[in-house]
Every structure is written in structure tokens, then in C-alpha cells.
Asks: 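Below you will find the structure I want to go over with you.
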Amino acid sequence: MALSIIESCVNCYACEPLCPSQAIAKADPHFLIDAKKCTECDGDFADPQCATICPIEGAILNAAGEAINPPGSLTGIPPFKLAEAMAEIQAR
Amino acid sequence: MELKVLGQDNSKSASAPAGGCSSGTCGSSEDGMGHLPDHVRQKVHNHPCYSEEAHHFYARMHVAVAPACNIQCHYCNRKYDCANESRPGVVSELLSPDQAAKKVLAVASEIPQMTVLGVAGPGDPLANPERTFSTFRQIADKAPDIKLCLSTNGLALPDHIDEIVALNVDHVTITINCVDPEVGAKIYPWVFWNNKRIKGAKGAKILIERQQQGLEMLIERGILVKVNSVLIPGVNDEHLKEVSKIVKAKGTFLHNVMPLIAEAEHGTFYGVMGQRGPNKQELSDLQDACAGDMNMMRHCRQCRADAVGLLGEDRGQEFTLDKIDVLDIDYAAAMEKRAHVHAGIEAHRDALRAEKAEKTSIDLIAPQGTPPARIAVTTKGGGVINEHFGHAKEFLVYEASPEGVRFIGPRKVENAYCVGPDVCPAGEEKGTVLDAILAALDDCSAVLSAKVGIEPWSRLEDAGITPSGEFAMDEIDEAVKGMYLQLIEQGWSGKDLDVRAVG
Ligand code: SF4
Ligand code: SF4
């Protein structure tokens with residue numbers, strides 16, 4: 001049972017000091033969670049702290065490999081809107 | 001009020017300066033500081049960040065030590081630096097507190113005009129308290145003459161007041177965009193609070209309460225507080241007048257209104273959803289309405305998170321980590337040198353002031369009823385026109401009217417027209433760079449530089465902006481006045497100011 005940080009992490013340091021299990025460390029190219037140490041914050045907090053402060057959608061996955069913060073959940077930008085804007089910019 | 005998205009009516013969402021924030025709260029005195037107690041006025045008057053005149057002579061710097069943030073703003077994309085404190089889409093090099101302290105001490109020894117160190121991002125300084133305060137502690141220890149400042153969203157502010165006071169932090173800037181949680185819900189999608197992510201109006205309410213509480217605590221402890229607000233048409237434009245009234249009543253010495261910058265390519269909520277920014281007229285109307293005569297503050301250029309040097313110049317390249325690593329600095333000697341240079345600057349400013357006082361008359365500089373003209377100047381500092389048009393990445397815009405000359409604000413452009421001292425761009429690229437400059441100056445009727453090249457000269461003229469190199473090395477106020485009189489003589493009859501604001 002552990003969360004993981006993937007490459008979309010922007011290295012903002014927000015998660016690292018919050019982890020009750022000292023499971024998060026700065027690494028290259030991005031922060032990493034030590035699966036052996038991560039407790040999913042069980043017993044310490046109701047919500048996994050790293051995924052609760054992380055500002056980047058999709059950067060932190062649950063044990064099943066799913067994004068805890070899926071597209072649109074943090075920025076409020078509907079995914080289709082983002083896709084439209086990207087397409088429009090690329091067409092310029 | 002619904003958040004306006006694509007296809008909105010852009011014509012009239014901001015208003016003329018009416019009601020809301022009239023006499024009293026806006027400051028009735030000439031310098032816009034009428035609402036302030038004497039000791040605060042004293043402190044602000046000569047402050048390099050807040051005195052329009054002083055900032056021509058002193059340098060400030062910011063260091064990027066604070067990456068984490070505890071809230072999300074709709075004008076920010078966390079892949080970049082905090083959009084409120086920097087230009088959008090900029091990523092600065094993150095420094096450790098030790099590296100940052102080293103850099104600051106190196107700059108303060110090489111550029112003795114240096115007076116203020118700020119921490120503003122890339123995230124929120126108080127969401128990274130160890131990193132921020134460790135940097136400050138090292139500077140307070142080795143260069144106690146350097147003033148410290150920080151900018152915060154306010155969420156964590158009440159928790160750190162003692163540390164701020166203990167470190168003798170000179171001033172704190174709080175970004176306050178609203179005092180109503182319903183408005184806040186359209187600006188802040190979430191805040192991180194008590195180990196939970198709290199969304200919508202509920203989160204905004206917590207943020208607002210903490211901002212106001214932190215503001216009150218700082219004032220109580222005698223710390224200068226400035227408030228920044230981002231003007232978001234259709235979301236908080238009218239509301240900012242209420243914000244202004246409240247923060248000033250509590251003792252904020254300055255309320256600085258900045259334009260929203262939202263482009264789809266920045267990937268922000270507002271950018272992608274098509275929220276527009278204010279035009280230049282909407283911005284100055286609201287600034288006038290909320291701030292009274294803000295001559296004093298409009299020069300605030302939200303120093304980029306890692307810019308180094310005077311005014312618009314950036315000497316950052318001279319202070320990269322590998323370069324400062326080999327520098328051997330004598331802290332005490334550097335501090336003495338600064339004291340010496342600052343005394344020289346003050347003597348020069350006193351002389352300038354005395355000269356001005358002699359010349360100042362209450363006469364109008366032009367016939368009553370002459371329309372005001374906006375005039376841009378390029379400068380490297382020292383309060384004179386000494387920068388070539390082609391080298392300027394920043395233009396200072398002044399407004400001349402029959403009553404006199406006042407400062408409107410800085411206009412930044414991404415690229416200077418010339419890429420190097422002798423290299424001017426060729427072909428298409430040249431066109432785009434110049435287009436951006438013309439757009440930034442589209443409310444101006446003239447631009448005064450040490451020198452203006454032939455090609456930009458004719459493009460400027462075509463755009464209705466009279467270029468001039470005639471005022472090279474002249475004092476800015478005098479030059480702007482001189483150009484205004486020339487314009488009037490040439491039969492100039494005003495310019496439409498309803499054009500888009502550029503940060
Ligand atoms: S879920 Fe909790 S324990 Fe696991 S890495 Fe995140 S903060 Fe640490
Ligand atoms: S909070 Fe998210 S983006 Fe920031 S360092 Fe942790 S995983 Fe990376």
C-alpha cells in the first residue's frame with residue numbers, strides 16, 4: 001500500500017514536509033515516494049497529505065496506479081476545454 | 001455574478017471611478033498618503049520601493065527560495081512561478097537558502113545601490129517558512145543594513161507574525177483579491193487548510209479570514225503592509241473598491257491594483273477559459289478610484305522573482321552560482337561601501353529636490369483643458385533619460401497634463417528591440433519585437449530615449465507615437481513636460497486611451 005509520484009511532478013516541495021512517514025524525498029528528475037515507508041497516512045490523517053496539497057493533476061497515483069487528482073479536479077479547467085485551447089494554440 | 005467565459009461582452013464591465021471609495025479612504029493629501037499616521041508616512045516617503053523618485057537610484061532583488069504553495073489561484077499555473085509575483089510563464093532557478101544568501105551578499109557587495117531583498121516565490125514564502133526565514137536570518141546577520149520584504153497570499157500569515165517581527169522585516173505585501181467568499185470562489189479553486197484541501201467558497205472564506213487577521217496583526221506590531229490586488233474584469237472589478245476601503249481603514253499604507261494577465265498559452269484557468277484582462281483605461285480608472293493619487297506606487301514593477309539590478313535592468317547573469325562561488329566577500333567592507341554610496345545618492349537627491357523646489361511654481365504648464373498626454377521614457381536609472389530605445393526592456397509611462405507630470409506605470413516587453421549592444425534583429429523577428437513594443441505603448445503619444453534608430457523611428461511615427469532623442473540625459477519630469485509642450489505646439493489633440501493593458 002503506497003502512493004507514487006510520477007514525471008508530471010514540478011518539484012515544488014509542497015508534499016515533502018507534510019509526510020508523516022518521511023517517505024518523500026527530492027530526487028532527479030522529480031520527487032519520489034519510498035513505497036516501503038509510505039503508510040498512505042493511515043492513522044495520521046484522513047487524507048493522504050501529499051496528494052492533498054499537490055497542485056499538479058495526475059502527479060500522484062494511488063496504490064492501484066490511478067491519479068488521485070484527475071484532470072480538471074484541481075484547476076477547474078474541464079479537460080475538453082484544455083484540449084480545445086491546446087489545439088487552437090498548435091494550429092497558429 | 002457568473003464568471004464570464006468565451007464570447008463574453010467585452011465592452012463595459014469595468015466602470016468609471018464612481019462612489020465606493022471616495023474621499024477619506026483614498027487619501028486626500030497630495031501624495032495619496034493622507035490616511036496614514038505620521039510615522040508610517042515618514043517610513044514610506046524615502047523608501048526605494050515606494051517612492052517614485054527613490055527607485056531611480058536604488059536597486060532591489062528577489063531570490064527564488066520558496067517553491068511550495070498552499071492555495072491555487074485561477075490566474076496561476078503551478079508549472080511556472082507565481083503569476084502574481086512574476087511574469088506569467090516564467091520559471092526561475094530555485095535556490096537553497098544558503099545559495100540565496102550567498103547570491104544576495106555577492107550582489108550587495110558588487111552593486112552597492114542595493115537596499116532591499118524580497119522573497120516572493122515561485123510559490124508562497126510562508127508556505128515555505130524554513131526556507132524563507134533561513135535566508136532572511138543569514139542576511140540579517142551578515143548584512144543588517146539590507147531591508148527584508150516578503151509577499152504572501154496570507155493563508156499562513158497569522159502563524160508567522162512573531163518571526164517576521166523578530167527578523168525586523170521591513171514590509172509585507174499581502175495579495176487580497178476579495179473580501180467576499182462568493183467572489184473568492186471564482187478566483188481560488190482550493191486552499192490547503194488543516195491537512196485538508198478545501199474547495200470553493202468555503203476555502204475562500206478561510207483564506208479571506210486569515211488574510212484579514214494577518215493584516216491586523218502586522219499593523220498592530222508596526223510592520224508596513226501593502227496590499228496587491230489583481231483586477232479581473234467581471235469578477236472583482238467593482239468589488240475591489242470595497243476591498244480598498246477595508247484594507248485602508250485597517251492601516252494598509254498602499255493598495256496596488258494590477259491587471260490580470262491571462263493567455264491560453266499560460267495554461268491558467270482564466271487563460272484557457274477566455275477570461276479577458278482589463279484594458280489600460282479600466283486599469284487606471286480603478287487605480288484612481290481605489291488609490292487616490294498613486295504617483296508614489298505605480299512604479300512597482302513586481303520585480304521578477306530573480307531579477308537583479310536597478311530599474312528595468314537585469315544583471316542576473318553576473319551572479320550565477322558558479323560565479324558567486326569563487327567570490328570572496330568582505331561583508332563589513334561591503335556594508336561600509338553601501339553606506340557611503342547611499343549617502344552620496346541622498347546628497348544628490350537633496351540637491352535635485354532643492355533645484356526643483358526653486359523652479360516649482362503653481363502655474364499650469366499648459367492651458368487649462370488641454371488633454372493629458374502619456375509619454376514613455378527609457379532609463380537605466382539615476383532619474384534621467386539615458387537608455388537607448390533599442391536596449392529597453394521596460395518603458396516608464398508618465399502622464400503630462402496642464403497640472404503637471406505624474407507617473408502612470410512601467411510597461412515591460414519580453415525582448416528589447418536590439419539583442420546586443422550592436423546587434424539589431426533582422427527580418428520578420430524585428431517586426432514581432434517591435435509590434436510588442438508598439439502594443440505596450442499604444443496609449444502613449446511620444447517616447448523619449450537617449451537614441452532611437454531609423455527603423456523603429458518610422459514605425460513609431462506610423463503608430464502615432466512621436467519618437468525623440470532630443471531629451472537625452474535630461475531629468476525625466478522636465479523632459480516629459482518639454483515633450484508635452486512640443487506636442488501641443490504641433491497641434492496634437494489627444495489620444496484614445498481605450499487600449500489593452502499590458503503588465
Ligand atoms: S500518502 Fe502520506 S505517507 Fe504516503 S507519501 Fe504521501 S504523505 Fe507520505
Ligand atoms: S506536491 Fe506534487 S508537484 Fe509538488 S513536489 Fe510533491 S508531487 Fe511534485
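Each chain gets a letter, A, B and so on, in the order the sequences are listed, and its residues count up from 1. As the structure is a prediction and not an experimental result, all values here were calculated from the model.
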Asks: Mind checking side chain to side chain contact (heavy atoms under 4.5 Å, CB included) for A:K36 and listing every partner two or more places apart, or none if nothing turns up?
Replies: A:D34

Asks: Report the distance from atom OG1 of B:T268 to atom CD1 of A:I77, rounding to the nearest 0.5 Å.
Replies: 6.5 Å

Asks: With a 4.5 angstrom heavy-atom cut-off, is it the side chain or the backbone of A:T75 that approaches chain B, or both, or neither?
Replies: backbone

Asks: Does the side chain to side chain contact (heavy atoms under 4.5 Å, CB included) test come out yes or no for B:F192 and A:Q49, once each step is laid out?
Replies: CA-CA 10 Å; B:F192 180 83; A:Q49 291 301 288; 3.3 Å; yes

Asks: Of the non-hydrogen atoms in B:A68 and A:Y13, which two are nearest, and what is the gap between them?
Replies: CB-C, 4.2 Å

Asks: Report yes or no: does B:K196 contribute a side-chain atom to a donor-acceptor pair with the main-chain N or O of A:A46 at less than 3.5 Å?
Replies: no

Asks: Distance from A:T52 atom OG1 to B:I198 atom CD1, nearest 0.5 Å?
Replies: 10.5 Å

Asks: Measure A:D44 against the heavy atoms of chain B and call it side chain, backbone, both or neither at under 4.5 Å.
Replies: neither

Asks: Which answer fits A:L74, side chain, backbone, both or neither, if we ask what part of it has an atom under 4.5 Å from a heavy atom of chain B?
Replies: both

Asks: Go through the atoms of A:F45 and report whether side chain, backbone, both or neither lie under 4.5 Å from a heavy atom of chain B.
Replies: side chain

Asks: Using heavy-atom distances under 4.5 Å, tell me whether B:A127 contacts chain A through its side chain, its backbone, both, or neither.
Replies: neither

Asks: For B:C73, is it the side chain, the backbone, both, or neither that has a heavy atom closer than 4.5 Å to a heavy atom of chain A?
Replies: neither

Asks: Which atoms of A:L82 are under 4.5 Å from chain B, going by heavy atoms: the side chain, the backbone, both sets, or neither?
Replies: both

Asks: Write down the atom of B:K199, the atom of A:S73, and the distance for their closest heavy-atom approach.
Replies: NZ-O, 2.9 Å

Asks: Please state whether the side chain, the backbone, both or neither of A:A14 comes within less than 4.5 Å of a heavy atom of chain B.
Replies: both

